[in-house]
Amino acid sequence: MDAATIRLVPARSPYELLRQAAGVEVHEQGQGPGFASDASLRGFSSDHSTDLALWVDGVPINEPVNGHAEGYNDWAVLFPGGVQDIDVLRGPTSALFGNFSLAGTVNVRTLERLRGTELTLSGGSYGRAELMALTGIDHGADGGGVLGFRYQRENGFRPNAGYDVAQGHGRLVRDLRPGVTLDGGVELYGGNWNSPGFLSEDEFAQHAYDIVSNPTDGGYKRRAQERVSLRVLTGDMLWRTTAYATQGRWQLFLTIPPAGGIFEGSGSQSEEEDSRTGYGVTSALTWSRLNAAVTIGAESRWDRSSYESYFTTARARDSVATVVTGRQLSGALLVQSYADVSDRLRLDAGLRYDALGTRSAPDGGDVVSATHGVVSPKLGALVHLTSALGVYANVSRGFRSANGVISDPTLTPITAWAYETGLKLEADAASASAALFRTDVSDEQTLNPVTLVATNGGSSRRQGVELDWHVPLALSTTLSGDWTFTDARYRSLAAAPADGGGAPVVLDGLRVFNTASYVGAAALDLAPAAGSWRVRASGNWVGPYSPFDEPGTIIGGYGLMHLSGMVPVGGIELDAGVRNVFDRAYAELVAGHIVSPGSPRTAYVSARVRM
């Protein structure tokens with residue numbers, strides 16, 4: 001996904017961007033920009049996007065030892081104007097990515113350099129206003145860089161749903177000598193929000209969006225990330241090392257209404273706080289030949305978090321639920337390679353070993369420590385049937401840390417074997433692919449992202465078909481799309497109600513919670529060769545959906561249409577878009593009979609000036 005597409009998609013958030021443009025399954029929480037939503041691939045529940053790894057310029061974003069959700073993954077920290085491109089890797093196929101890359105990886109690269117200054121002013125529905133400024137330099141080998149600032153605020157389509165966000169972005173690149181490049185970057189994020197809370201299913205059916213669970217619900221988030229990278233290119237070798245540091249703090253107050261589900265909320269307000277620091281380093285050396293390449297590398301990461309949760313009334317603490325400090329030291333060795341055995345056959349092979357040592361220190365309790373190791377082999381092959389058509393197959397293993405390791409480090413990581421085969425077509429500017437996939441998960445775990453009730457120790461299987469195409473048509477138009485049809489079911493899992501009473505609920509054979517039978521996105525782009533203007537008509541579809549903690553329940557699917565365009569007027573570039581053109585009512589997330597409603601029709605217009 002390139003920068004031009006990112007700018008043209010009428011998305012309200014990074015989650016919405018990936019849903020519209022890449023066919024990622026998304027269920028937005030709707031409780032504020034710092035309260036991470038659910039994004040996933042191929043039928044994973046991915047509570048708070050924890051089954052999907054997010055990397056930005058070589059820095060992992062998922063948060064280990066997080067008491068709310070292990071691998072908590074907040075895409076709101078992305079600075080949209082500074083993104084150069086985004087890759088979506090489906091499945092745990094690459095040895096370059098380890099923990100949390102169970103369903104796949106989203107890899108983001110930011111702009112290295114920019115000439116001049118760019119100012120963007122946007123406004124839209126529900127009091128949305130945004131100001132973004134980017135400035136940069138491009139001195140070739142003498143260096144380049146990008147500096148950016150962004151402020152956004154919105155009232156939201158529900159009462160008590162306003163927020164404001166400020167971000168900073170910086171990147172500087174300089175060649176120290178031919179073949180040696182120093183690259184540094186900083187990402188800053190701060191957000192404050194109010195939370196409207198969730199609705200009952202009856203309230204949602206009546207479109208009673210004005211109901212607010214608790215007017216004192218809301219929160220804030222602060223995050224900083226610093227990075228320095230050294231790239232050395234000599235002959236047929238490339239060595240890259242990245243060191244990084246992260247700091248973060250968030251606090252949220254949220255009221256979960258008791259709506260009659262098996263694992264319903266308490267009906268009272270809760271407070272959660274997470275304060276953390278982290279340090280890491282990755283280093284990899286790649287040898288490239290005409291028909292082969294091999295990469296060997298190592299990683300190390302240390303994270304410390306302090307997690308606190310309380311029962312509260314109007315933000316005043318009534319009692320303590322949890323106070324715990326967690327630490328995790330992880331390390332990995334990896335190798336990734338490919339070889340063109342002949343002009344028709346390419347083989348890929350990789351191997352990764354991860355070791356994770358976790359320490360839990362609860363307030364007033366005993367310190368518990370444990371270490372786990374995971375071996376993740378990768379193997380693939382591509383056969384060119386013709387110069388344009390190829391058939392491929394791969395098998396790979398991936399993993400992620402289990403929810404709750406901050407309190408119980410002995411919990412075994414969740415692992416999965418993934419199998420895939422398909423066809424790829426690339427002819428001129430057209431491309432298409434069709435794939436069959438299956439993923440077998442061990443030590444399955446389901447976590448309700450609202451009530452935070454977790455069930456461990458089962459197994460599941462996800463299998464389906466994936467289609468992708470990008471086809472230029474006549475008159476400067478392009479048709480593109482990405483669809484996934486999935487059958488995701490628990491093979492063996494029994495869940496106990498949150499209150500501990502009653503018989504366990506056997507989930508064997510039922511659909512995996514928070515997954516849809518299909519998700520898809522399609523777009524028709526009209527862009528003349530001169531590039532003076534662009535128009536995009538797109539849609540995204542979500543098939544029948546299995547809500548959290550409602551075993552056997554299936555909710556009907558929906559589809560949304562979006563329109564957007566860009567036209568230059570004098571020295572100003574005008575962008576306009578409408579999301580959910582037909583104002584379709586739909587549920588973003590359903591859990592234990594409570595609902596986060598989807599956004600009604602929204603429109604925006606922006607003006608961009610380059611100097």
Side-chain angles (χ1 to χ4, degrees), residues 44 50-55 58-66 69-73 89 91-105 242 244 278-285 294-305 325-337 348-361 367-380 394-419 439-445 447 454 456-460:
F44 281 84
T50 53
D51 292 325
L52 196 58
L54 174 63
W55 288 66
V59 179
I61 305 300
N62 300 69
E63 296 179 354
V65 285
N66 187 301
E70 181 69 9
Y72 190 86
N73 188 5
L89 286 70
T93 54
S94 174
L96 301 180
F97 306 102
N99 200 3
F100 308 115
S101 185
L102 197 65
T105 303
T242 297
Y244 60 87
Y279 304 92
V281 61
T282 64
S283 187
L285 181 64
V294 60
T295 297
I296 59 172
E299 297 179 9
S300 183
R301 180 178 183 179
W302 179 86
D303 291 270
R304 180 191 184 277
S305 70
T325 298
R327 298 178 183 176
Q328 186 177 92
L329 176 63
S330 62
L333 297 174
L334 63 94
V335 58
Q336 181 77 45
S337 65
D348 292 87
L351 182 65
R352 182 183 179 100
Y353 176 75
D354 287 84
L356 301 95
T358 308
R359 180 181 185 271
S360 172
V367 174
V368 179
S369 299
T371 301
H372 298 280
V374 181
V375 178
S376 304
K378 327 280 184 177
L379 184 64
N394 63 62
V395 58
S396 57
R397 191 179 193 230
F399 79 98
R400 55 152 293 186
S401 296
N403 286 300
V405 297
I406 189 173
S407 299
D408 183 4
T410 65
L411 288 173
T412 303
I414 302 167
T415 58
W417 280 100
Y419 311 90
T439 305
D440 292 328
V441 180
S442 301
D443 297 304
E444 175 66 78
Q445 184 182 60
L447 171 73
N456 304 282
S459 62
S460 62

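Quick caveat, the model's predicted, so the values are computed rather than measured.
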- prompt: At their closest point, which heavy atom of P377 faces which heavy atom of W417, and how far apart are they?
  reply: CG-CH2, 3.5 Å
query: Taking the side chain as C-beta and beyond, is there a heavy-atom pair between F44 and S460 under 4.5 Å?
result: no
message: For G404 versus L411, what's the shortest heavy-atom pair and its separation?
response: C-CD1, 3.8 Å
query: So, R359 side chain and V367 main chain: donor-acceptor pair closer than 3.5 Å or not?
result: no
- prompt: Taking only residues two or more places apart in sequence, or in another chain, which ones meet T439 in a side-chain hydrogen bond (donor to acceptor under 3.5 Å, both in side chains)?
  reply: none
query: Within the distance-only criterion (no hydrogens, no angle test), does the side chain of E299 pair as donor or acceptor with the backbone N or O of G331 below 3.5 angstrom?
result: no
- request: Give a yes or no on whether the backbone of L54 and the side-chain of N62 come within a donor-acceptor separation of less than 3.5 Å.
  value: yes
Pairwise side-chain contact, R400 with S101, heavy-atom cut-off 4.5 Å (strictly under): no
query: Side chains of T358 and Q328: donor-acceptor distance under 3.5 Å anywhere?
result: yes
- prompt: Rounded to the nearest 0.5 Å, how far does CZ of R397 lie from OG1 of T93?
  reply: 16.0 Å
field: Audit row: N99, S330, side-chain contact (heavy atoms from CB on, under 4.5 Å) steps and yes/no
entry: CA-CA 10 Å; N99 200 3; S330 62; over 6 Å; no
statement: Rounding to 0.5 Å, atoms CG (D443) and OG1 (T412) come to a distance of 5.0 Å
query: Which pair of heavy atoms, one from L379 and one from A349, lies closest together, and at what distance?
result: CD1-CB, 4.1 Å
query: Counting only N and O atoms by type, is there a donor-acceptor contact under 3.5 Å from the side chain of S376 to the main-chain atoms of G398?
result: no
field: Main-chain N/O of P92 paired to K378 side chain as donor or acceptor, under 3.5 Å
entry: yes
query: Should the pair W55 and F97 be assigned to parallel (<30°), tilted (30 to 60°) or perpendicular (>60°) ring geometry?
result: perpendicular
task: Considering non-hydrogen atoms only, spot the tightest contact between H372 and P409 and give its length.
output: NE2-O, 3.1 Å
- prompt: Would you find a donor on one side and an acceptor on the other, under 3.5 Å apart, between the side chain of R352 and the backbone of A95?
  reply: yes
message: Is there a side-chain contact between S94 and T105 in this structure, where contact means two heavy atoms from C-beta onward sitting under 4.5 Å apart?
response: no
- request: Supply the atom-to-atom distance I414 CD1 to T50 OG1, rounded to the nearest 0.5 angstrom.
  value: 7.5 Å
- prompt: Between T242 and T282, is there a donor-acceptor pair closer than 3.5 Å when you use the side chain of the first and the backbone of the second?
  reply: no
- request: Calculate, to the nearest 0.5 Å, the distance between atoms OG1 and CG belonging to T371 and L356 respectively.
  value: 8.5 Å
query: Where do N73 and A53 come nearest, in terms of heavy atoms and distance?
result: ND2-C, 4.4 Å
query: Taking atom OG1 of T295 and atom CD of Q336, what is their separation to the nearest 0.5 Å?
result: 7.0 Å
- prompt: Got a second to check how far F399's CZ is from D354's CG, nearest 0.5 Å?
  reply: 3.5 Å
query: Side-chain contact, heavy-atom cut-off 4.5 Å: E63 with D303?
result: no
Intermediate values then yes/no, side-chain contact (heavy atoms from CB on, under 4.5 Å), S360 and V405: CA-CA 8 Å; S360 172; V405 297; over 6 Å; no
statement: On a heavy-atom basis, the closest approach of G373 and Y353 is CA-OH, 3.6 Å
